[in-house]
Asker: 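Got a structure for you, written out below as structure tokens; questions coming shortly.
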Amino acid sequence: MAKIIVTGGLGFIGSHTVVELLAAGHEPVIVDNLSNSSAAVLEGIEKITGQKPLFLQLDLKQKNQVTRLFEQVPDPDGLIHFAAYKAVGESTEKPLEYYENNLGTLVYLLQALRDRGLSNLIFSSSCTVYGQAEKLPITEESPVVPAESPYGNTKQIGEEIIQDACHAHALQGISLRYFNPIGAHPSAEIGELPLGVPLNLVPFVTQTGIGLREQLSVFGTDYPTRDGTAIRDYIHVVDLAKAHVIAVERLVAGENQQAYEYYNLGTGTGSTVLEVIQAFEKVAGKPLNYKTVARRPGDVTAAYADTTKANQILGWTAQKTMEDALTDAWRWEQKLARARAAQAE
Ligand code: UD1
């Protein structure tokens, strides 16, 4: 059993990772500033696992709160760092806030680990570091290209910061490069809670399906793909969460081959936007209202993972399909709708 600090542990991927850590017999400690999450997520975690992990409401972009974290949890075996801003468009309007929050926090956490003789950091990175890769599927050998947005840049620079720190100090880290995380816990006790109008495809699809949004816009039908729409690798959030447990266990056990490692996390299968819509219509048993519009600036044509490295070295493979993820995302959206209806009564 390992004690693992999970920053951003009430967020979408963080909360699912807390559940998988508990299921594997570990002791997660959740840290979250609730800037884009809700304390109610703790109840969902408790319903699924029957356990209530320690929750500390701290804002880790303030260095004194990082100090407070390690005063309260002086002996963690590892740290999984999810806490970050994640809206691509917003990051172009508020680049300094993105750099401060996403990178300042990371530096403080690494300093705190180093200064206390601790180690073992798992970092949320993104396939966005590859931009439009020349070769598909995308291996870890694919070059990292200049980021399209300050958000993407925080992921690239974050990886470099960890790599440099692991080379200079007695620190060990793993960056996990996610493709497109979607879905929800099959219990529908936790899931994605987008603030305002969703920017990502699947929450927009399920909100349109439930009637919260009038119509989905499909961004671009002139991509050089099988049906003209862009291709992504949609990975179930529970599969992704399990990869974090494996990665942190690897560091805690000292099984890593290098002080700093990085892995792609995807299913290896690409789906077009229209294929996602068709799969949703099948799951929901009704047509989705959508229209086709121009491409969204900054979008790449196709990105899907070569997962050989994670398969062979971590022993991790995604178990669930895009259809499984849509089934769970839809169940979650329906549950949110029931909760809203009950509140309105
Ligand atoms: C986006 C970010 C990526 C980030 C990830 C985090 C961009 C360019 N990339 O990935 O850096 O790590 O979110 O969640 O923003 N689509 C529509 N209609 C919609 C929404 C999306 O057609 O209303 C299409 C997009 O054009 C894209 C696909 O659906 O082809 C997936 O989009 P999205 O869910 O936003 O993810 P990415 O853009 O791949």
Side-chain angles (χ1 to χ4, degrees), residues 8 11-14 16 36 82 84-93 98 102 123-133 136 138 144-159 175-183 192-209 212-237 240 264-267 270-280 288-305 322 325-326 329:
F12 177 42
I13 306 171
H16 289 82
N36 189 14
F82 293 106
Y85 294 150
K86 60 176 184 180
V88 177
E90 184 187 60
S91 77
T92 62
E93 287 149 30
Y98 270 67
N102 292 9
F123 180 61
S124 280
S125 190
S126 168
C127 68
T128 193
V129 302
Y130 300 117
Q132 179 54 68
L136 293 166
I138 303 175
V144 169
V145 300
E148 285 272 351
S149 68
Y151 159 79
N153 213 18
T154 66
K155 295 301 175 190
Q156 289 189 9
I157 300 171
E159 286 201 21
S175 290
L176 298 175
R177 295 175 174 167
Y178 316 151
F179 281 67
N180 287 55
I182 61 164
E192 197 165 3
L193 286 167
L195 262 189
V197 181
L199 301 170
N200 296 117
L201 177 63
V202 169
F204 206 106
V205 164
T206 56
Q207 287 197 5
T208 305
L212 276 177
R213 311 280 154 213
E214 172 74 28
Q215 190 174 43
L216 169 77
S217 294
V218 174
F219 298 139
T221 48
D222 58 348
Y223 286 104
T225 61
R226 47 188 177 265
D227 62 22
T229 63
I231 293 179
R232 296 289 184 277
D233 183 343
Y234 296 93
I235 174 167
H236 198 298
V237 64
L240 201 63
N264 286 346
L265 297 182
T267 64
S271 305
T272 69
V273 176
L274 292 180
E275 285 164 356
V276 171
I277 293 172
Q278 281 154 14
F280 173 78
L288 185 79
N289 184 17
Y290 71 89
K291 62 176 174 187
T292 55
V293 301
R295 292 183 183 192
R296 181 172 67 178
D299 277 350
V300 299
T301 300
Y304 51 96
M322 181 262 284
L326 287 176

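Here, residue 1 is the first one in the sequence, and each next residue gets the next number. One-based numbering, in listed order, for ligands and for the atoms of each. As a basis for the values below, the full set of heavy atoms in this structure was taken, side chains included, without hydrogen atoms, waters or symmetry mates.
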Asker: Can you run down the salt bridge (Lys or Arg N to Asp or Glu O under 4.0 Å) pairs that involve residues 220-229, sequence neighbours left out, and say none if there aren't any?
Answerer: D222-R295, R226-E275
Asker: Once rounded to the nearest 0.5 Å, what's the spacing between atom CD of E90 and atom CG of L195?
Answerer: 9.0 Å
Asker: Contact between L265 and F179 at the side-chain level, heavy atoms closer than 4.5 Å - yes or no?
Answerer: no
Asker: Using side chain to side chain contact (heavy atoms under 4.5 Å, CB included) as the criterion, list what pairs up with V129, not counting sequence neighbours.
Answerer: S125, V144, K155, Q156, E159, R177
Asker: For ligand 1, list the protein residues that place a heavy atom within a distance below 4.0 Å of one of its atoms, sorted by chain and number.
Answerer: V88, S126, T128, Y151, N180, L199, N200, L201, L216, S217, V218, F219, A230, R232, Y234, V273, R296, G298, D299
Asker: Could I get the full list of ring pair (Phe, Tyr, Trp, His ring centres under 6.0 Å) partners for F123, not counting sequence neighbours?
Answerer: none
Asker: Roughly how far, to the nearest 0.5 Å, is CG of L201 from CZ of R232?
Answerer: 9.5 Å
